[in-house]
Amino acid sequence: MYNHQEIEKKWRIIWDKTKIDQVKLDNKKPKFYALDMFPYPSGVGLHVGHPKGYVATDIIARQKRMQGFNVLHPMGFDAFGLPAENYAIKTKTLPQVQTKKNVEIYKKQLEQFGCTYDWSREVNTTDPAYYKWTQWAFVQMFKQGLVYESHAPINWCPSCQTGLANEDVEDGKCERCGAVVEKKPLRQWVIKITDYAERLLNDLDQLPEWEESIVQMQKNWIGKSEGATIKFKVKSSPARNASRSDAGGKLKDYELEVFTTRPDTIFGCTYLVVSPEHKLIENLEAGIWNLEEVKKYIDGVKNKSDLERTDLNKDKTGVELQGVKAINPASGEELPIFVADYVLPDYGTGAIMAVPAHDERDFEFAQKYGLEIRQAVKSDGDKKFIKLKVHKVYKVEDELFCGDGTVINSDFLNGLKTPEAKEKMMAWLEEKELGRRQVHYKLNDWVFSRQRYWGEPIPLIFCASCAEKVKSSKLKVESKGEQLNPGWFVDENLPITLPEVDHYEPTGTGESPLANIDEWVNTTCPHCGGPAKRETNTMPQWAGSSWYYLRYCDPHNDKELISKKAEKYWNPIDFYIGGAEHATRHLIYARFWHKFLYDSGVVSDIEPFRKFRQVGLILAEDGRKMSKRWNNVINPDEMVERFGADALRVYEMFMGPFSQATAWNTNGMTGARKFLDKVYNLKLKVKSLKLKEITPIQSLLHKTIKKVSHDIDNLALNTVVSALMILVNAMGDEEQIAQGDYEILLQLIAPLAPHLSEELWHELGHSSSVFCSAWPVADEALLKDEIVTMVVQVNGKVRANLSVPADAEQKDIEEVAMADERVKNWLADKKIVKVIYVKNKLINFVINAKNAN
RNA sequence: GGACCAGUGGUGGAACUGGUAUACACGCAACACUUAAAAUGUUGUGCCUUAACUGGCAUGUGGGUUCGAUUCCCACCUGGUCCACCA
């Protein structure tokens, strides 16, 4: 048993003093950039799940350093944002103060795990010297017209009292606090991330070293669908019994655009649906005979939360717009129009052509309201694609078919297969100017405003008088952003610092708490010098984390976000590790931000993260997620104290495949610790004399070198540990161990268990760190076994094992194999039809199957 | 409903491009050491059969390809993750 507390403390102090992890840009050396997703210091500290990812990155960083790479392995803190602010409110402290405290706690914990970072490069998103560049990037986006002010209804969290991006909503609830999210119209800043949708999608192909599942998630989130927008003429006649004064007037023609991915089914369209928010209703008020009913329906929908509204189990509801008809551009037929909340306002055009025979939702709606269901596609196979919802009982059984097939009942499209019909219909629409090809994405523009205090101030100023002038074209403004957002100007005096205040609780009015600070809000217009006001919304948490990895490369540069030299040398990131929950948030935002910086000439790669691997969760011993609620949280500090950081590291890596969720088991910790004790005890067998002969251990040793090196690269750390265990067990069986062999063992274990390895390394007489030694390379000559075990099979079933010299001839093996008593019995008098021979592996006699049994 | 992933002993899991299934670890059992326990060490440990050799059966279920399938193909069942009235 070694004293882990003493040894670990000792080496942490020495590593810190010798600055072993500080790196400098060195063009003569190859670089390696190993990065973790930086944490936000939330006040409750780290649990055992956190170190899993950090330790893995630390292992890679240490190994790469030993392999001669100039390794950048930094850490920082994502300290802005809701959790930090909510925690500060709860504890009645200032977020600035609270954040500082939390960072200290996190740093101490991180160091205690034996992860050594280059702290001289630490970044903190709340540092004005850092967020100056977050604001700078935003300013560039604004100038290029990627930022716009919007008043559209967005997700609003009533508990956090702030607007949220789509990415922040999970299951209709606020990702932070779990409150049911409402739709609320709110003035907000929005970034046109959708301008990058196509590139965000296509460039995923440039990332072969990303896990497929993450790539898929991003593809789903971006959600590209190709189809057409089609124009339907709308006819209406004045309301018959309207009491309104304008009711008798002439009504204008109206065109309703719908988006569909199945233009080929247009002849099966039997009605149209618009979302309750659609402007058609406003525009045609005078022509809607049952306006009261329609308005009542819309009001009812507006009072529903998003969660209720999108509940799939609820009945579809809707109201027909009486007096209004649409004309099918293909058939000329008159169709009724409905308003229904199963059509979403913010996807496509907010209006659809309903084809109940070929769309499940339309089918359900048509069934309920007794609308015609008309076939336009026939299935090609025998299969009837009947989809029946479990909670519904449909009388008609064969009318719904959602797949590809052959077009029927459709005039000039008849007989065509679905893809050809789509193509022909789109060409027809384009020719007649009745529609066009259109691509839509599920990805929405990025709602970038938060009505909260603890975030980066948005560096914009509004001047009311300039706004008027821009609108009336009396004032020409330079940038696209200023044209797009009349009266808004950039404040270039970055950083725009967050003022220190006594009260920062959210106001709940849709205004940020900053709005109450007059001396901060009131300023002068950068354009005319007149009185103007600052933007009081702040940026979301994701802003600062979208580019932090660049800042580590050049953390103290006050002239630019990153110098060209540092950017060229350190980027892209070679290995990035973090949680899969960021697949559709941080990893999308960061890729977008990076691409924007690429377009702006700041960075030279189109993608920031060459290789990404997700960390699997560590579950509690009961198999559930660790949570205070279940009282099943394992405290890493306690584990480090009882078993040591090295044991914790070894155990967490050994638990199972890195990306997979695995349940914690404290018994496993004792296993990891026993292994380390064995390594420690082997020291007694070490003989300084180098043994001349090649021992069986050396063959295993070199195989282990090969396996460990290979598996670390692939992040197969569980098998790294097991390979080392096998080696250590074998060494334990030896009478004595050559010092050279033992040193190699220590080097292989060093990334996993740095403290113990360093201690033993020095006990052998080394004066420099084991991490300054060169990573061992397997000697190919020693990898080969002289004697191999071969398997003898009869008809594919194992019947005997043979120990034979390696690379023996097939003829000789056959002879030996057939001489074996057991094999003889199986072969007996049977005729050998075929012999399969795999060198050094197996020999398989195939005998006549009929006679064999 | 869709996308993706997974299903191997009592448990976590291993098995490279199809080639000895169950490595490694935990747990369990017996033994040793001990007054005793803990710790440590040794041995055993998929199921059935057998005193043993042996033989048979086993990688969610059912089929297929193959000399040979945990691995490849088809269908189904179960679980997980993400997305979801996205037209």
Side-chain angles (χ1 to χ4, degrees), chain A residues 1 170-172 211-221 223-225 227 258-262 265 273 275 309-314 316 340-344 346-355 358-362 364-365 387 389-390 402 440-444 580-581 583-584 614 616-617 650-651 654-657 659-672 674-675 677 681 707 710-711 714 716 718-719 721-726 728-729 732 789-801 822 825 833-836 838 841-847 849:
Chain A
M1 281 274 282
E170 270 178 2
D171 220 10
E211 278 159 292
E212 186 53 32
S213 62
I214 301 284
V215 171
Q216 273 305 332
M217 272 190 232
Q218 292 216 348
K219 282 185 180 167
N220 279 343
W221 188 261
K224 181 178 181 175
S225 51
V258 303
F259 174 67
T260 180
T261 52
R262 296 292 302 268
T265 61
V273 188
S275 68
R309 191 169 160 178
T310 58
D311 182 4
L312 285 166
N313 288 321
K314 82 172 169 60
K316 291 204 169 19
D341 68 352
Y342 81 91
V343 172
L344 303 175
D346 43 15
Y347 184 78
T349 59
I352 60 153
M353 59 173 216
V355 187
H358 307 295
D359 181 281
E360 215 181 324
R361 294 149 301 175
D362 299 342
E364 194 187 329
F365 190 80
K387 289 190 181 180
K389 293 213 167 169
V390 181
C402 300
H440 267 293
Y441 302 94
K442 285 205 282 182
L443 183 74
N444 281 352
E581 71 273 18
T584 54
Q614 57 168 316
L617 279 180
V650 169
Y651 172 59
F654 186 54
M655 285 176 84
S659 297
Q660 183 185 299
T662 318
W664 178 269
N665 179 359
T666 303
N667 278 328
M669 282 292 296
T670 59
K674 265 193 227 168
F675 162 66
D677 282 326
N681 293 335
K707 181 162 180 63
H710 176 265
D711 285 2
N714 292 310
N718 52 336
T719 52
V721 177
S722 74
L724 289 169
M725 283 173 168
I726 291 168
V728 167
N729 289 343
T789 305
M790 281 189 69
V791 175
V792 185
Q793 296 182 334
V794 178
N795 276 3
K797 293 211 183 241
V798 179
R799 296 304 177 191
N801 287 334
R822 283 180 64 196
N825 282 338
V833 181
K834 199 173 166 189
V835 179
I836 311 272
V838 182
K841 280 240 163 82
L842 65 81
I843 185 155
N844 184 12
F845 296 104
V846 184
I847 54 179

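Lettering follows sequence order; numbering is per chain, from 1. In what follows, every heavy atom counts, from backbone to side chain, and hydrogens, waters and symmetry copies are set aside.
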Specify the separation, in whole Å, of atom CE of A:M217 and atom P of B:rC5. 11 Å
At 4.0 Å (heavy atoms only), tell me whether A:N729 reaches a base, stays on the sugar-phosphate, or touches nothing. sugar-phosphate
Watson-Crick/G-U partner (both atom distances under 3.5 Å) of B:rA37: none
Considering only heavy side-chain atoms of A:V798, the closest of B:rA21, B:rA87, B:rC85 is B:rA21
Taking atom C1' in both B:rA21 and B:rC74, compute the distance separating them and give it to the nearest angstrom. 24 Å
Let's test this: given Watson-Crick or G-U wobble pairing with both distances under 3.5 Å, identify the partner of B:rG68. none
With sugar-phosphate meaning primed atoms plus P, OP1 and OP2, does A:Q660 contact a base, only sugar-phosphate, or nothing at under 4.0 Å between heavy atoms? sugar-phosphate
Integer-rounded Å distance: B:rA38 P and A:M1 CE: 16 Å
Choosing from B:rC24, B:rG13, B:rC4, which nucleotide comes nearest the side chain of A:S213? B:rC4
With sugar-phosphate meaning primed atoms plus P, OP1 and OP2, does A:N718 contact a base, only sugar-phosphate, or nothing at under 4.0 Å between heavy atoms? sugar-phosphate
Rounding to the closest angstrom, what is the interatomic distance between B:rG19 and B:rC72 at atom C1'? 14 Å
Using a 4.0 Å heavy-atom cut-off across all strands, classify A:N665 as base, sugar-phosphate, or nothing. sugar-phosphate
In whole Å, what is the span from the CD atom of A:Q218 to the C1' atom of B:rA84? 18 Å
B:rA14 pairs with which nucleotide, Watson-Crick or G-U wobble, both distances below 3.5 Å? none
Let's see if you can work this out: which of B:rC85, B:rU20, B:rA25 has an atom nearest to the side-chain heavy atoms of A:T789? B:rU20
Would you please confirm or rule out a distance under 4.0 Å between OP1 or OP2 of B:rG13 and any side-chain N or O of A:S722? no
Is there a side-chain polar atom (N or O) of A:R822 under 4.0 Å from OP1 or OP2 of B:rC53? no
Tell me what A:Q793 touches on the nucleic acid: a base, only sugar-phosphate, or nothing, going by heavy atoms under 4.0 Å. base
From CD of A:E581 across to P of B:rC83 the rounded distance in Å is 11 Å
Would you measure the distance from the C1' atom in B:rU11 across to the matching atom in B:rG46 and give it in whole Å? 14 Å
Between A:Y347 and A:H440, what is the ring plane arrangement, given parallel below 30°, perpendicular above 60°, and tilted in between? tilted
Heavy-atom pair of closest approach, residues A:T789 and A:N801: CG2-CB, 4.2 Å
A:I352 near the nucleic acid: base, sugar-phosphate alone, or nothing, with a heavy-atom cut-off under 4.0 Å? base
Looking only at N and O atoms, is any donor in the side chain of A:E360 or the base of B:rG1 less than 3.5 Å from an acceptor on the other one? no
How far, in whole Å, is B:rU54 from B:rA38 if one measures between their P atoms? 37 Å
Can you tell me how far C1' in B:rG10 sits from the matching atom in B:rU65, rounded to whole Å? 36 Å
Counting C-beta onward and ignoring hydrogens, is there a side-chain heavy-atom pair between A:V792 and A:V798 closer than 4.5 Å? no
Tell me whether the OP1 or OP2 atom of B:rU66 has a side-chain N or O from A:K834 closer than 4.0 Å. no
B:rC57: pairing nucleotide in any strand, Watson-Crick or G-U under 3.5 angstrom: B:rG46
Considering all heavy atoms, the nearest A:F259-A:S225 contact: CZ-O, 3.8 Å
On RNA chain B, compare the nucleotides closest to A:P657 and A:E212; which residue's is nearer the 5' end? A:E212
Given the 90°-from-0 boundary between syn and anti, B:rG13 should be labelled anti
Atom CG of A:L443 and atom C1' of B:rC83 are separated, to the nearest Å, by 13 Å
Between B:rA23 and B:rU70, how far apart are the C1' atoms? Round to whole Å, please. 14 Å
Can you tell me which nucleotide in B:rC83, B:rA87, B:rC67 comes closest to the side chain of A:S225? B:rA87
Test item: side-chain donor near acceptor, A:N665 and A:Y651, under 3.5 Å: no
In whole angstrom, what separates A:D362's CG from B:rG1's P? 18 Å
Please tell me if A:K674 has a side-chain N or O lying less than 4.0 Å from either OP1 or OP2 of B:rC26. yes
So, for A:F654 and A:N718, which heavy atoms are closest and what is the spacing to 0.1 Å? CD1-O, 3.6 Å
Would you mind classifying the nucleic acid contact of A:G671 as base, sugar-phosphate or nothing, using non-hydrogen atoms under 4.0 angstrom? sugar-phosphate
Integer-rounded Å distance: B:rA87 P and A:R262 CZ: 11 Å
Applying a 4.0 Å non-hydrogen cut-off, can you work out what A:K219 is touching in the nucleic acid: base, sugar-phosphate, or nothing? nothing
Got a donor-acceptor pair under 3.5 Å from the side chain of A:K442 to the base of B:rC83? no
Distance check, C1' atoms only: B:rG9 and B:rG64, in whole angstrom units. 28 Å
Given the P atoms of B:rA14 and B:rC24, what is the spacing between them in whole Å? 14 Å
Minimum-distance nucleotide (side-chain atoms of A:R361 versus B:rC86, B:rG13, B:rC24): B:rC86
Counting only side-chain heavy atoms from C-beta out, which of B:rC67, B:rC85, B:rC57 sits nearest to A:V846? B:rC67
Which nucleotide, B:rA25, B:rA87, B:rC67, lies nearest any side-chain atom of A:F654? B:rA25
side-chain contact (heavy atoms from CB on, under 4.5 Å) between A:F845 and A:R799, worked out: CA-CA 10 Å; A:F845 296 104; A:R799 296 304 177 191; over 6 Å; no
Phosphate contact (B:rG12 OP1 or OP2) by A:N667 side-chain N/O below 4.0 Å: no
Closest approach of A:S275 and A:V343, non-hydrogen atoms and distance? CB-O, 3.2 Å
Find the distance A:D711:CG to B:rG13:C1' and express it as a whole number of Å. 14 Å
Taking any heavy-atom pair under 4.0 Å as a contact, classify A:V343: base, sugar-phosphate, or nothing. base
Which heavy atom of A:G796 sits nearest to which heavy atom of A:N844, and what is that distance? N-OD1, 3.0 Å
